[in-house]
Amino acid sequence: MGKAFKKAEALSDRPTHYCPGCTHGVIHRMVGEVIDELGIRGKTVGVAPVGCSVLAHEYFEFDFMEAAHGRAPAVATGIKRVRPDLNVFTYQGDGDLASIGTAEIIHAANRGEKITAVFVNNAIYGMTGGQMAPTTMPGQRTTTSPFGRNVHDVGMPMRVSELLSALETPAYIAREAVIKPKYIMKAKRAIKKAFQYQMEGKCFSLVELVSICPTNWGMTPQNSVKWAEEILLLYYKPGEYKLPEEM
Amino acid sequence: MEKVLMKGNEAIAEAAIRAGCKGYFSYPITPQSEIAEYMVRHLPEAGGVFLQGESEVAVGYMVLGAAGCGERVMTSSSGPGISLMSESLSFLAAQQCPAVIVNIMRTGPGLGGILPSQADYFQATKGGGHGDFRLLVLAPSSIQEAVEMVMEGFPLAEKYRNPVMILGDGLIGQMMEPVSFPEHLITRPSNKDAWAANGMDTRNSDKRNVLKSLSLDPDEMHEHNKSLQEKYDRMRRNEIRYKAYNLDTDYELLITCFGIMARVCGTVVDKLKEEGIEVGMIRPQSLFPFPEEAIRQAASKTGCKQVLCVELNMGQMVEDVEKAVQGACPVTWYGNAGGAIPPPKEIIAHIHSLLNR
């Protein structure tokens with residue numbers, strides 16, 4: 001009997017540091033599998049962010065660069081501009097991409113950089129210990145919104161996929177979730193599409209992945225999945241927000 | 001060699017192209033925007049890439065990405081923009097990515113003004129970003145020297161895997177002088193397979209390269225900092241550059257100055273000689289590493305009673321000069337931080353008062 005399953009070559013054997021119940025592992029695996037399926041491991045350069053996935057480069061088996069907080073799209077731009085033959089992606093959380101890195105992601109998207117952003121949205125800062133993010137839901141308790149996010153004080157959560165879809169430059173923008181198997185298969189298809197568009201030289205691509213953070217949400221993984229499905233997915237609706245126009 | 005009359009900023013851009021610059025990223029700021037305007041027209045013709053970024057913050061990281069895959073890259077800016085790049089300068093140094101950074105200085109602090117200045121000496125030589133790191137800083141006093149420093153900057157950055165800064169006063173960018181582009185300064189980029197994160201296929205390698213600066217282990221962090229310091233010590237041993245003038249006389253006073261002030265102070269030395277007053281001069285060309293030993297020796301010479309540091313700021317390099325002189329004689333500062341360049345007669349009058357003439 002042949003092998004039914006093997007780990008993607010694009011993934012390393014190092015054990016991850018992620019908390020129990022965290023979805024980063026699922027996303028790493030999807031990215032690794034897509035890179036294997038497309039046969040692009042040797043021409044891929046990943047850009048790691050600051051946040052929980054700051055050590056992402058330890059869990060993949062191809063070239064990587066670290067970026068400062070929020071600057072991954074600028075680093076990816078520099079790589080891709082001088083080496084357009086490479087496959088370049090950023091892996092960023094919502095504190096990194098939607099707060100400190102808004103300028104970099106908006107302008108990379110608006111210039112139509114031929115890069116892919118894998119955007120992990122779990123509605124909170126994880127690495128620094130559970131602070132409020134621009135994506136934190138109204139009323140959601142975090143260490144810096146201990147009485148719940150007050151939208152009269154700090155506004156409504158930011159919907160990155162919708163925001164970027166307002167730009168004219170052709171792009172592939174999709175939001176999926178990684179909280180249950182039925183969402184995960186769709187999410188992987190979106191990631192694959194994003195990388196394929198990049199390989200075809202078509203456009204900037206971003207896949208937002210609604211995720212859970214049981215540790216900083218203060219919930220069990222089961223309750224986290226329930227809350228994400230009942231609260232997050234109503235506000236952060238899955239779907240393809242922008243498809244590249246025929247050019 | 002053929003000479004052409006060129007504006008400093010344009011000559012700097014042309015020098016970078018001839019030196020094999022393959023990526024130039026920048027954000028507009030006076031008084032250096034002509035570098036970008038020249039690059040956008042001429043760099044693509046030479047097979048390079050031009051991109052105007054959304055901010056100097058982003059530009060610094062575009063440089064990091066392009067340098068990290070082993071290409072020769074440059075950016076240019078002026079003080080306020082270099083402030084925004086400070087974060088990325090720290091990352092470039094930490095991740096050991098070679099790049100050339102040109103700062104055509106304007107007055108400061110804050111928005112300051114757009115007139116010539118040397119206000120960013122501290123910023124360039126004392127870090128200008130978080131953590132223990134150094135830039136290799138070269139300060140030209142003519143457009144020809146700026147051209148040569150840019151051309152040498154790329155191989156120097158590669159030799160030390162460290163950012164090199166060309167620190168020019170606004171005048172270096174804005175004035176026109178005849179220049180040539182020496183053929184012997186055209187170098188081949190070094191092989192970067194050992195560290196560049198440019199895709200394993202590029203190197204035909206199974207070994208991946210990772211450019212990172214995060215170290216959570218205290219021993220690993222300390223070792224990384226030690227290896228960076230060893231590199232800066234190598235620079236101190238090998239890369240000190242300075243020009244000495246009139247030091248073979250029995251001078252009573254030693255002038256230290258850099259960049260455009262050396263042109264003015266050279267005239268000061270000549271005119272005072274006509275009056276029978278001998279004044280020596282040392283112009284550091286490398287601001288880091290700093291020519292401490294040369295300045296100490298010159299200040300310690302019998303007959304030298306004092307050192308005057310002339311700068312287009314409120315006294316920055318003077319601190320390094322004081323440290324170098326080690327109390328051998330008094331060190332004072334003279335200069336202007338408004339954007340006006342003190343003419344020779346003004347400096348001569350000041351020296352007269354210092355020498356009680």
Side-chain angles (χ1 to χ4, degrees), chain A residues 9-10 12 17 35 39-51 53-88 90 100-111 113 115 127, chain B residues 21-25 27 47-73 75 84 86-92 94-95 97 99 129-130 195-216:
Chain A
E9 280 186 10
S12 77
H17 69 285
I35 286 170
I40 52 176
R41 188 167 75 94
K43 49 180 282 191
T44 294
V45 181
V47 185
V50 169
S53 44
V54 64
L55 289 167
H57 51 76
E58 290 298 299
Y59 312 134
F60 291 104
E61 269 311 324
F62 45 81
D63 284 4
F64 243 95
M65 290 191 208
E66 261 176 23
H69 205 16
R71 318 291 181 228
V75 174
T77 296
I79 301 169
K80 190 74 181 189
R81 287 279 172 156
V82 295
R83 287 294 306 273
D85 57 315
L86 295 175
N87 173 60
V88 185
T90 69
I100 197 166
T102 41
E104 285 77 11
I105 194 67
I106 286 175
H107 286 281
N110 194 53
R111 286 191 303 264
E113 297 297 340
I115 60 170
M127 185 61 113
Chain B
C21 177
K22 283 284 168 273
Y24 170 80
F25 305 89
Y27 185 84
V49 172
F50 169 91
L51 185 65
Q52 179 172 320
E54 65 269 32
S55 69
E56 289 92 344
V57 174
V59 159
Y61 287 97
M62 291 171 185
V63 168
L64 180 83
C69 30
E71 302 296 332
R72 284 190 164 174
V73 280
T75 183
L84 286 176
S86 298
E87 183 194 55
S88 54
L89 290 177
S90 172
F91 276 74
L92 279 163
Q95 295 180 198
C97 293
H130 58 285
W195 58 265
N198 53 3
M200 296 184 295
D201 287 355
T202 304
R203 314 181 292 274
N204 288 321
S205 171
D206 292 334
K207 191 190 139 289
R208 74 200 193 108
N209 285 336
V210 177
L211 290 169
K212 67 182 196 90
S213 56
L214 180 76
S215 294
L216 297 173

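Since the structure is predicted, the reported quantities are computational estimates derived from the model, not experimental observations. By convention in this document, chain letters (A, B, ...) are assigned in the order of the sequence lines, proteins followed by strands, and residues within each chain are numbered from 1.
Contacts of B:Leu51 with chain A are made by side-chain atoms alone, with heavy-atom separations under 4.5 Å and no backbone atom involved. Contact annotation for B:Ala67: neither backbone nor side-chain heavy atoms come within less than 4.5 Å of a heavy atom of chain A. The part of A:Glu113 that comes within reach of chain B is its side chain, from C-beta onward, which places non-hydrogen atoms under 4.5 angstrom from that chain. Only the side chain of A:Leu55 comes within contact range of chain B, with heavy atoms under 4.5 Å apart. In this structure, the portion of B:Val49 lying under 4.5 Å from any heavy atom of chain A is its side chain and not its backbone. Both the backbone and the side chain of A:Arg41 come within contact range of chain B, each with at least one heavy atom under 4.5 Å from a heavy atom of that chain. Proximity to chain A (any heavy atom under 4.5 Å) is shown, for B:Glu54, by both the backbone and the side chain. Of the atoms belonging to B:Asn204, not a single heavy atom falls under 4.5 Å from chain A. Residue B:Lys22 touches chain A through its backbone alone, counting heavy-atom pairs closer than 4.5 Å.
Chosen from B:Val73, B:Leu216, B:Val210, the residue pairing most often with chain A at heavy-atom distances under 4.5 Å is B:Val210. Ranked by non-hydrogen atom pairs under 4.5 Å with chain B, the options A:Arg111, A:Glu58, A:Arg71 are led by A:Arg71. No other option in B:Gly23, B:Cys97, B:Gly199, B:Ala94 has as many heavy-atom pairs under 4.5 Å with chain A as B:Gly199. Comparing A:Ile106, A:Val47, A:Val75 by how many heavy-atom pairs each has under 4.5 Å with chain B, the most go to A:Val75.
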Evaluate side chain to side chain contact (heavy atoms under 4.5 Å, CB included) for B:Cys69 paired with A:Val82, printing each intermediate quantity in order. CA-CA 8 Å; B:Cys69 30; A:Val82 295; 3.8 Å; yes

From CA spacing to verdict: side chain to side chain contact (heavy atoms under 4.5 Å, CB included), B:Thr202, A:Arg83: CA-CA 10 Å; B:Thr202 304; A:Arg83 287 294 306 273; 2.9 Å; yes

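Between the CG atom of B:Leu64 and the OG1 atom of A:Thr77 there is a distance of 12.0 Å, given to the nearest 0.5 Å. The distance from atom CZ of B:Arg208 to atom CZ of A:Phe64, rounded to the nearest 0.5 Å, is 8.0 Å. Rounding to the nearest 0.5 angstrom, the gap separating the CZ atom in B:Arg203 from the CG atom in A:Asp63 is 4.0 Å. For the atom pair CG of B:Asn209 and NE2 of A:His57, the computed distance is 13.0 Å after rounding to the nearest 0.5 Å.
Shown here for A:Glu61 and B:Met200, the closest heavy-atom pair between the two residues is O-CE, 3.7 Å. Smallest separation of non-hydrogen atoms from A:Ala74 and B:Ala58: CB-O, 3.5 Å.
Between the side chain of A:Arg81 and the backbone N or O of B:Gly65 there is no donor-acceptor pair closer than 3.5 Å. With hydrogens and angles ignored, the 3.5 Å screen pairs no side-chain donor or acceptor of B:Glu87 with any backbone N or O of A:Ala68.
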